[in-house]
Amino acid sequence: MKKINILLALFLIYGCTTVNNGISNIYNDIFVDEEIICPSISSPIGTSEIIVNSEISDNNSYVGFRGIKRVCFFKDNEILMNLKVNLRSLRKKFQIDDLLKLKISLVSSTNNNKEYDRDDLELSFFLKSGSEIVERESNMSVNVPKDGKVYIGLFQN
């Protein structure tokens with residue numbers, strides 16, 4: 001009788017682990033996206049760095065991309081691209097407060113250059129007096145078709 005109980009217990013434990021592994025695989029298929037290598041990002045000519053006029057004073061500032069960190073996931077035949085975009089502003093007259101109005105456009109397109117998805121971020125970039133160099137990081141996201149292209153650019157608002 002003891003052998004039957006032990007055998008039954010082992011069979012039950014083995015059965016539960018198989019069901020648990022099956023549930024884990026179903027969970028991963030539904031909720032966990034596959035991380036992939038991101039497509040390259042390019043900027044149209046004249047949009048990777050710009051000279052911006054201040055909203056407060058008669059002052060110009062240089063603004064450009066300092067770095068872009070990308071993480072991409074593949075799901076449902078498209079790529080979800082999440083970005084952390086770091087902007088840097090430099091100015092000669094830094095003894096006063098300034099305010100810059102900017103727009104960052106992140107656009108994905110199909111391989112025949114038809115727009116697929118877009119994320120526009122409008123920024124009020126505050127520059128405190130005494131700060132010659134100011135950096136700001138922002139999050140952006142866009143869906144990209146499987147063989148698509150991605151563009152990012154800066155524009156004065």
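Excluded from the calculations below are hydrogen atoms, water molecules and symmetry mates; all remaining heavy atoms, backbone and side chain alike, are included. Just so you know, residue 1 is the first one in the sequence shown, and it goes up from there.
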Taking the side chain as every heavy atom from C-beta outward, state whether [X] and [Y] have any pair of such atoms under 4.5 Å apart.
X: Val85; Y: Leu106; answer: no
X: Phe74; Y: Lys146; answer: yes
X: Met81; Y: Pro39; answer: yes

Are [X] and [Y] connected in the hydrophobic side-chain network, where two residues link if heavy atoms are under 4.5 Å apart?
X: Leu102; Y: Phe126; value: no
X: Ile68; Y: Ile36; value: yes
X: Leu121; Y: Val150; value: yes
X: Tyr116; Y: Ile104; value: no
X: Val107; Y: Leu83; value: no

To the nearest 0.5 Å, what is the distance between [atom1] ([X]) and [atom2] ([Y])?
X: Ile96; Y: Asp58; atom1: CD1; atom2: CG; answer: 9.0 Å
X: Glu115; Y: Thr110; atom1: CD; atom2: OG1; answer: 10.0 Å
X: Ile50; Y: Leu100; atom1: CD1; atom2: CG; answer: 9.0 Å
X: Ser138; Y: Lys84; atom1: OG; atom2: NZ; answer: 10.0 Å
X: Asp120; Y: Met140; atom1: CG; atom2: CE; answer: 6.5 Å
X: Ile133; Y: Ser89; atom1: CD1; atom2: OG; answer: 9.0 Å

Between Arg88 and Glu135, does a salt bridge (Lys or Arg N to Asp or Glu O under 4.0 Å) hold up when you go through it step by step?
-> CA-CA 4 Å; Arg88 175 183 268 185; Glu135 292 189 14; 2.8 Å; yes

Please test Cys38 against Ile79 for side chain to side chain contact (heavy atoms under 4.5 Å, CB included), starting from the C-alpha separation and ending with a verdict.
-> CA-CA 8 Å; Cys38 291; Ile79 300 167; over 6 Å; no

Contact summary for Glu35 and Val71, nearest pair of heavy atoms = OE2-CG1, 4.0 Å

Could you pull out the closest heavy-atom pair between Tyr62 and Glu49, with the gap in Å?
-> OH-OE1, 2.8 Å

Could you check Ile152 against Phe65 for side chain to side chain contact (heavy atoms under 4.5 Å, CB included), going step by step and ending with a plain yes or no?
-> CA-CA 10 Å; Ile152 191 166; Phe65 292 113; 3.8 Å; yes

Distance-only, no hydrogens or angles: does the [X] side chain make a donor-acceptor pair with backbone N or O of [Y] under 3.5 Å?
X: Asn82; Y: Ser141; value: no
X: Gln156; Y: Asn53; value: yes
X: Arg66; Y: Glu137; value: no
X: Arg91; Y: Ser131; value: yes
X: Asn59; Y: Lys93; value: yes

Indicate whether any N or O donor in one side chain lies under 3.5 Å from an N or O acceptor in the other, for Ser108 and Asn143.
-> no

Can Asp117 and Glu78 be said to form a side chain to side chain contact (heavy atoms under 4.5 Å, CB included), step by step?
-> CA-CA 11 Å; Asp117 194 14; Glu78 68 179 12; over 6 Å; no

Is the number of heavy atoms from other residues, nucleotides or ligands under 6.0 Å of Ile51 CD1 greater than 12?
-> yes

